[in-house]
Amino acid sequence: MESTLDIFVKAIFSENMIFAYFLGMCSYLAVSKTVKTAVGLGAAVIFVLVVTVPVNYLLENYLLKAGALEWLNPAWADIDLSFLSFIMFIAVVASIVQLVEMLVEKFAPALYGALGIFLPLIAVNCSILGGALFMQERQYSTILDATAFSLGSGIGWFIAIVAIAAIREKIRYSHVPPALRGLGITFIITGLMGMAFMSFMGIKYGKDEVKKDAPVTTSQVIQSNND
Amino acid sequence: MSAEVQKTKAPSEPLFSKKNKKLITDPLTDNNPVTVQVLGICSALAITVQVKQGLVMGLSVIFVTMMGNFVISAIRNMIPSRIRIIVQLVIVAALVIIVDQVLAAFMPDLSAQLSVFVGLIITNCIIMGRLEAFAMANKPWPSLLDGLGNGMGYAGLLIIVAVFRELLGSGSIFGYALLGSPIPSDGHPLGTGLYAMGYMNNNMMILPPMALIIVGIIIWVQRSRNKALIEEH
């Protein structure tokens, strides 16, 4: 069994949203020109992930999963609504983003000034929906674990975008080959940072050995290709 | 008279006029959604370890961009602009559910390997980007072609990246071993083919960071050939 702390640390480092799964790359590339905007977007991602993943966790466990409707009526124990999960998750994400935007605008105008333009962007940030889908795939046992996962993923994303923005600010003063300027060099630097982050894979988490019956993830596919 | 000509000409524009053909061919090269417009990298790179996965992912995205563009364009005048993002997301999500269910039914192994990345087509920036930039302002048929073109530009890039990664990382294409077998057997202590001469697979290619570096190199090559695309930092 993984402890909550394991899940949290894993989500930040060895299963970093950007470097291990490339989630949220579009906004990562588009909004990483200066550190200030990167911090704003990173904070907004943490915030939205922490709000949406637990809500989606409740939806998944009390509405969508096979047998999840049993608490309403024992006769509904064999109903499986999981095919609806994409549409439910994205609707939750889009509406919570809208709601958060309105609340922040009303009660914290200063924060809205800082996050404002990024909030609508976040509805279509892959890392938010990715967080919900990974939560579904990995079937966390409690809502606390799911929240720890979402907080960790958000912080991992934050670290990644702030780091690349800092590097891009510096690289403006270097002699990059003309054809690589901008997008090209950003890709290559992200690749190198990904390699650096792979060194975190060596961290030993909790007592658990390789999980035998866990669903196949991309990293396992990669490992099985290696063999 | 000119008004009359206008009248007769407008509906009889051929289905594949020059302008419409350009909608398909442009995104393949000079306006590629991934390398030039910087859209849709999100869910793309993790599944380019094998050509087969890349191909299936590419086809799924082509289907969703085409149909999404078509449907949104057909109802574009009915969508209130304040809630258009949610309307678009719901339509795209419905299309992705179709793709996911078809994959799960006919290719269960592949569907398990692609795991969450099929679902992430919903938030693939190419789809939302083309809906916002093209389908909301154009008629259904050009929108369909635009979706086809951008989907193919994306699929093409996925397949190029996947060919490099599978060939150099596993020594095969579509799972067929091209360079011989690395597994030692009787009489062939090092394996067969190139491996008998001491060649080794580059395991780095299978790991996620190499996908980014390969895309970086593709961008480098493309921009060296087409100077107009070079950015000012």
Side-chain angles (χ1 to χ4, degrees), chain A residues 19-30 83-87 89-91 93-95 98 120 123-130 133-134 136-137 171-172 176-195 197-198 215-219 221-222 225-226, chain B residues 35-36 38-47 49-50 53 83 85-86 89-90 92-94 96-97 100-101 112-117 119-120 122-125 128-129 169-170 203-204 206-217 219-225 227 229-233:
Chain A
F19 298 126
Y21 299 107
F22 313 105
L23 297 183
M25 284 296 280
C26 301
S27 24
Y28 170 83
L29 291 169
F83 68 93
L84 281 177
S85 53
F86 292 164
I87 216 162
F89 288 170
I90 197 68
V93 170
S95 46
Q98 192 90 48
V124 287
N125 186 320
C126 319
S127 59
I128 309 292
L129 185 66
L133 292 175
F134 275 126
Q136 183 189 33
E137 190 186 270
I171 217 158
R172 219 164 286 162
V176 179
L180 265 179
R181 262 180 219 155
L183 192 57
I185 196 73
T186 310
F187 267 106
I188 291 178
I189 293 171
T190 309
L192 296 175
M193 287 165 75
M195 285 182 200
F197 262 69
M198 284 179 67
V216 183
T217 63
T218 321
S219 57
V221 172
I222 290 166
N225 281 338
N226 262 333
Chain B
T35 61
V36 181
V38 207
L39 296 174
I41 304 131
C42 317
S43 56
L45 298 176
I47 41 84
V49 175
Q50 292 166 350
Q53 293 175 10
I83 58 158
I85 301 269
I86 294 184
L89 282 173
V90 168
V92 172
V96 172
I97 288 176
D100 183 53
Q101 296 290 314
Q113 282 175 17
L114 291 174
S115 75
V116 301
F117 291 99
L120 287 173
I122 299 172
T123 47
N124 191 318
C125 323
M128 295 303 290
S170 319
N203 284 339
M204 195 76 206
I206 294 172
L207 301 172
M210 280 314 285
L212 288 164
I213 292 179
I214 291 175
V215 174
I217 293 171
I219 292 173
W220 190 1
V221 171
Q222 189 189 15
R223 292 187 181 184
S224 306
R225 291 167 57 93
K227 304 277 187 215
L229 298 174
I230 292 176
E231 292 174 56
E232 287 291 321
H233 288 288

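Protein chains get the first letters and strands the later ones, always in sequence-line order, with residue 1 at the start of each. Hydrogens, waters and symmetry mates play no part in the numbers below; they use all other heavy atoms, side chains included.
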Of all heavy-atom pairs between [X] and [Y], which one has the smallest distance, and what is that distance?
{"X": "B:A93", "Y": "A:I87", "value": "CB-CG1, 3.7 Å"}
{"X": "A:F86", "Y": "B:G119", "value": "CZ-CA, 3.4 Å"}
{"X": "B:I213", "Y": "A:I188", "value": "CG1-O, 4.1 Å"}
{"X": "B:A211", "Y": "A:F22", "value": "CB-CZ, 4.2 Å"}
{"X": "A:F187", "Y": "B:G216", "value": "CB-CA, 3.8 Å"}

Separation between CG of B:L212 and CE of A:M193, rounded to the nearest 0.5 Å: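 Going from CG on B:L212 over to CE on A:M193, the span is 10.5 Å.
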
statement: d(B:I97 CD1, A:S85 OG) to nearest 0.5 Å is 7.0 Å

- request: Output the option from A:V93, A:I189, A:T186, A:L183 having the highest count of non-hydrogen pairs under 4.5 Å with chain B.
  value: A:L183

- prompt: Do you know which of A:A20, A:A179, A:A94 has the most heavy-atom pairs with chain B at a distance under 4.5 angstrom?
  reply: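 Looking at each option in turn, the highest pair count goes to A:A179.
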
query: Who among B:V221, B:I86, B:V215 has the most heavy-atom pairs with chain A under 4.5 Å?
result: B:V215

statement: In terms of heavy-atom pairs under 4.5 Å with chain A, the winner among B:P209, B:A94, B:G129, B:S224 is B:P209

- request: Go through A:L180 and B:I219 one step at a time and tell me if the side chain to side chain contact (heavy atoms under 4.5 Å, CB included) criterion holds.
  value: CA-CA 7 Å; A:L180 265 179; B:I219 292 173; 5.9 Å; no

Side chain / backbone / both / neither for [X] at chain B, heavy atoms under 4.5 Å:
{"X": "A:L29", "result": "side chain"}
{"X": "A:F83", "result": "both"}
{"X": "A:M198", "result": "side chain"}

query: Taking the six-membered ring for Trp, are A:F134 and B:F117 parallel (under 30°), tilted (30 to 60°) or perpendicular (over 60°)?
result: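 Correct class here is perpendicular.
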
task: Step by step, work out the side chain to side chain contact (heavy atoms under 4.5 Å, CB included) result for A:L129 and B:I122.
output: CA-CA 9 Å; A:L129 185 66; B:I122 299 172; 4.0 Å; yes

- prompt: Taking C-beta and beyond as the side chain, do A:N125 and B:T123 meet within less than 4.5 Å on heavy atoms?
  reply: no

- prompt: Got A:M195 and B:L207 here, is their nearest side-chain heavy-atom distance under 4.5 Å?
  reply: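 A side-chain contact is absent here, since even the closest heavy-atom pair is not under 4.5 Å.
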
